[in-house]
Trainee: 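Just dropping this structure here.
Positions are given from 1, in the same order as the sequence printed here. Any value given below was found using the heavy atoms of this structure, including those in side chains, with hydrogens, waters and symmetry copies removed.
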Amino acid sequence: MELHILDHRLRVTSIAKSGLAHFTHPLIKLIFLRHRTRCKFFSMTETPENYTVVLDEEGFKELEASSQLQVEGSVWLPLNVLSDATASLGLQAVGVTKIAESVIAPLARQHVSVFMLSTYQTDFILVREKDLPVVVGTLEEFKIFREVGGESILVRGHDITNGLHNNGKEAVPAALQPVLIPQNRFCVMSLDPDTLPSIATTLIDVLFYSGSPKQDEATSPSADLDQIKFFSFSLIDGYVSLVMDTDAQRRFPADLLFTSSSGELWRMVRIGGQPLGFDECGIVAQISQPLADCDISAYYISTFSFDHALVPEEDIARVSDMLHKQRTDPSTG
């Protein structure tokens with residue numbers, strides 16, 4: 001397996017719902033005029049609390065400082081795992097599940113914070129730039145490449161690690177986070193970026209003018225029975241990925257959006273009772289490892305406040321029982 005350190009330096013930001021109007025122009029520019037901004041990595045996710053925007057340094061220049069904009073202080077690097085056994089993956093679980101044991105769990109044991117962004121095309125594991133020596137030292141089993149100027153250069157471990165194989169932090173297991181399971185059914189979709197102008201009106205309406213019905217209920221303990229506002233748009237290296245519920249999907253032209261041949265629907269597991277922060281490690285592993293053990297596919301999207309795992313609709317009862325047992329029976333942790 002190959003691990004690629006992609007040629008992007010990313011910032012993770014949050015825009016308050018009340019401050020969205022201040023950023024509408026730069027966000028529309030980043031979505032529809034990417035050649036003008038030179039931004040190659042852009043992702044925007046709406047949750048009931050805020051908008052999480054992950055973007056590269058060129059894109060970050062478009063966002064003006066504001067009290068409505070929170071910026072996580074670190075520079076993040078996206079990692080991507082490629083498998084030589086691509087042909088055999090068709091019968092295996094996909095998404096974060098396939099990298100849980102080889103990437104997520106080892107980094108958690110080394111107390112490395114990760115920020116996950118699953119898309120229609122692939123899964124990005126974001127790590128802090130300052131943690132890169134620990135990451136490379138921890139994932140020595142991989143053939144590691146660093147992308148520089150469009151070329152993939154093989155990384156020799158000692159070139160980056162300088163003998164450093166840990167970050168001096170004690171790998172304390174993360175506290176088990178509460179989970180909520182809203183009733184929405186979700187789609188993971190894509191489209192040809194050249195057709196973005198064709199859905200511009202609908203996309204702008206959904207992202208900027210849809211409002212957040214049931215916002216208070218969605219953050220309460222009764223949210224298992226409620227709908228949750230969640231919409232994610234990513235435009236990364238020319239590839240578009242969208243995650244939306246079936247209500248939002250019906251607003252888009254069916255002939256432009258495409259999904260897997262199975263047309264699978266997904267249910268969400270929302271992780272965290274209070275905003276998670278960025279320094280607690282092992283939260284992704286808490287969810288991804290049990291799913292991997294059961295060979296259940298999962299997309300995983302971290303946001304500024306909470307994490308979200310999407311699992312196949314037919315597996316949600318099994319996942320719910322498994323996570324409930326994990327949280328009530330310590331011996332299963």
Side-chain angles (χ1 to χ4, degrees), residues 1 3-6 8-14 52 54 70-81 95-118 123-142 144 146 155-179 269-293 298 300-309 323 326-327 330-333:
M1 296 226 293
L3 180 74
H4 287 248
I5 306 166
L6 303 184
H8 302 291
R9 301 179 77 242
L10 306 179
R11 304 304 299 265
V12 178
T13 72
S14 170
T52 296
V54 181
Q70 288 183 269
V71 182
E72 201 284 324
S74 306
V75 171
W76 296 76
L77 303 178
L79 314 179
N80 186 224
V81 175
V96 69
T97 304
K98 68 187 178 188
I99 56 174
E101 185 64 42
S102 58
V103 179
I104 303 299
L107 292 181
R109 288 193 291 269
Q110 290 297 325
H111 211 277
V112 173
S113 297
V114 300
F115 188 96
M116 285 297 307
L117 179 60
S118 293
D123 300 281
F124 298 100
I125 311 111
L126 275 59
V127 299
R128 286 185 170 102
E129 188 174 48
K130 66 182 179 61
D131 286 334
L132 187 59
V134 185
V135 172
V136 172
T138 302
L139 304 178
E140 289 179 311
E141 65 183 86
F142 286 87
I144 300 176
R146 185 156 197 174
V155 173
R156 292 182 298 239
H158 65 270
D159 290 343
I160 290 182
T161 64
N162 292 320
L164 179 64
H165 291 270
N166 63 72
N167 55 10
K169 298 180 181 178
E170 183 180 356
V172 179
L176 281 173
Q177 297 292 329
V179 297
V269 177
R270 174 178 157 106
I271 302 107
Q274 298 292 328
L276 298 174
F278 290 86
D279 292 322
E280 189 167 357
C281 305
I283 295 174
V284 180
Q286 265 181 28
I287 303 296
S288 62
Q289 191 62 60
L291 295 177
D293 293 341
Y300 199 105
I301 298 178
S302 301
T303 63
F304 209 87
S305 299
F306 298 98
D307 283 6
H308 310 80
L323 294 176
Q326 183 189 50
R327 280 149 182 75
S331 65
T332 64

Trainee: Kindly indicate, with the supporting measurements, whether the criterion side-chain contact (heavy atoms from CB on, under 4.5 Å) is fulfilled by V81 and V103.
Mentor: CA-CA 9 Å; V81 175; V103 179; 3.8 Å; yes

Trainee: Checking E129 now: which residues fulfil side-chain hydrogen bond (donor to acceptor under 3.5 Å, both in side chains) with it, not counting sequence neighbours?
Mentor: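 Scan of E129 (side-chain hydrogen bond (donor to acceptor under 3.5 Å, both in side chains), adjacent residues dropped) gives R9.
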
Trainee: For the backbone of N80 and the side chain of H4, can you confirm whether one donor and one acceptor N or O come within less than 3.5 Å of each other?
Mentor: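 No: the side chain of H4 does not pair with the backbone of N80.
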
Trainee: I need the I144 CD1 to I5 CD1 distance, nearest 0.5 Å.
Mentor: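 With rounding to 0.5 Å, CD1 (I144) is 6.0 Å from CD1 (I5).
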
Trainee: Run V54 and F124 through side-chain contact (heavy atoms from CB on, under 4.5 Å) and show every step you take.
Mentor: CA-CA 12 Å; V54 181; F124 298 100; over 6 Å; no

Trainee: Please find the pair of heavy atoms, one from T97 and one from A298, that lie closest to each other, and give the distance.
Mentor: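 Result for this residue pair: OG1-N, 3.4 Å.
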
Trainee: Take atom CD of E141 as the centre, draw a 6.0 Å sphere, and report whether it contains more than 12 heavy atoms from other residues, nucleotides or ligands.
Mentor: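 Atom CD in E141 is packed in, count exceeds 12.
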
Trainee: Below 4.5 Å, heavy atoms only, C-beta onward: do R11 and V75 meet side chain to side chain?
Mentor: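 A side-chain contact exists here, since the closest heavy-atom pair is under 4.5 Å.
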
Trainee: Could you state the interatomic distance from CD (Q177) to CD (Q274), rounded to the nearest 0.5 Å?
Mentor: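 Q177 atom CD to Q274 atom CD measures 9.5 Å (nearest 0.5 Å).
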
Trainee: Less than 4.5 Å apart, any side-chain heavy atom of V134 and any of L107?
Mentor: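 Side chain of V134 against side chain of L107, heavy atoms only: no contact under 4.5 Å found.
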
Trainee: Is a side-chain N or O of T52 found less than 3.5 angstrom from the main chain of F304, in a donor-acceptor match?
Mentor: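 Side chain of T52 to backbone of F304, a donor-acceptor pair under 3.5 Å: yes, one is there.
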
Trainee: With sequence neighbours left out, what residues match P178 under side chain to side chain contact (heavy atoms under 4.5 Å, CB included)?
Mentor: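 Scan of P178 (side chain to side chain contact (heavy atoms under 4.5 Å, CB included), adjacent residues dropped) gives none.
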
Trainee: Not counting sequence neighbours, which residues clear salt bridge (Lys or Arg N to Asp or Glu O under 4.0 Å) with E101? List them please.
Mentor: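 If we apply the salt bridge (Lys or Arg N to Asp or Glu O under 4.0 Å) test to E101, skipping adjacent residues, there are no hits.
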
Trainee: Run the numbers on Q70 and T13 for side-chain contact (heavy atoms from CB on, under 4.5 Å), then give the verdict.
Mentor: CA-CA 5 Å; Q70 288 183 269; T13 72; over 6 Å; no

Trainee: Which label fits W76 and F278: parallel for a plane angle under 30°, tilted from 30 to 60°, or perpendicular past 60°?
Mentor: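 Tilted: the ring planes of W76 and F278 meet at 30° to 60°.
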
Trainee: What residues, two or more places apart in sequence or in another chain, satisfy side chain to side chain contact (heavy atoms under 4.5 Å, CB included) together with D307?
Mentor: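 For D307 the side chain to side chain contact (heavy atoms under 4.5 Å, CB included) partners, ignoring immediate neighbours, are I271, L276, I283, V284, Y300, S302.
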
Trainee: List the steps and the verdict of side-chain contact (heavy atoms from CB on, under 4.5 Å) for Q286 and V179.
Mentor: CA-CA 11 Å; Q286 265 181 28; V179 297; over 6 Å; no

Trainee: At their closest point, which heavy atom of A309 faces which heavy atom of I287, and how far apart are they?
Mentor: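 For A309 and I287, the tightest heavy-atom pair comes out as CB-CG2, 4.0 Å.
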
Trainee: Taking only residues two or more places apart in sequence or in another chain, which ones pass side-chain hydrogen bond (donor to acceptor under 3.5 Å, both in side chains) with H8?
Mentor: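 side-chain hydrogen bond (donor to acceptor under 3.5 Å, both in side chains) check on H8 returns D237.
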
Trainee: Compare every heavy atom of A285 with every heavy atom of P290, then report the nearest pair and how far apart it is.
Mentor: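 Smallest heavy-atom distance, with atoms named: CD-O, 3.7 Å.
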
Trainee: On a heavy-atom basis, which atom in L139 and which in P106 lie closest, and how many Å separate them?
Mentor: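 Closest heavy-atom pair between L139 and P106: CD2-CB, 4.1 Å.
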
Trainee: In chain order, what residues pass the side-chain hydrogen bond (donor to acceptor under 3.5 Å, both in side chains) check against S118, with sequence neighbours excluded?
Mentor: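 Partners of S118 under the side-chain hydrogen bond (donor to acceptor under 3.5 Å, both in side chains) test: D123.
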
Trainee: Could you give the distance from CG (D131) to NE2 (H111), rounded to the nearest 0.5 Å?
Mentor: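 These two atoms lie 10.0 Å from each other.
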
Trainee: Apply side-chain hydrogen bond (donor to acceptor under 3.5 Å, both in side chains) to S74 and list each qualifying residue two or more places apart in sequence or on a separate chain.
Mentor: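 In terms of side-chain hydrogen bond (donor to acceptor under 3.5 Å, both in side chains), with neighbours along the sequence ignored, S74 is linked to E72, R128.
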
Trainee: Taking Q326 for the side chain and L176 for the main chain, is one N or O donor matched with an acceptor at less than 3.5 Å?
Mentor: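 Absent.
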
Trainee: Quick one: closest heavy-atom pair of G282 and A108, and the distance?
Mentor: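 The answer is CA-CB, 3.8 Å.
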
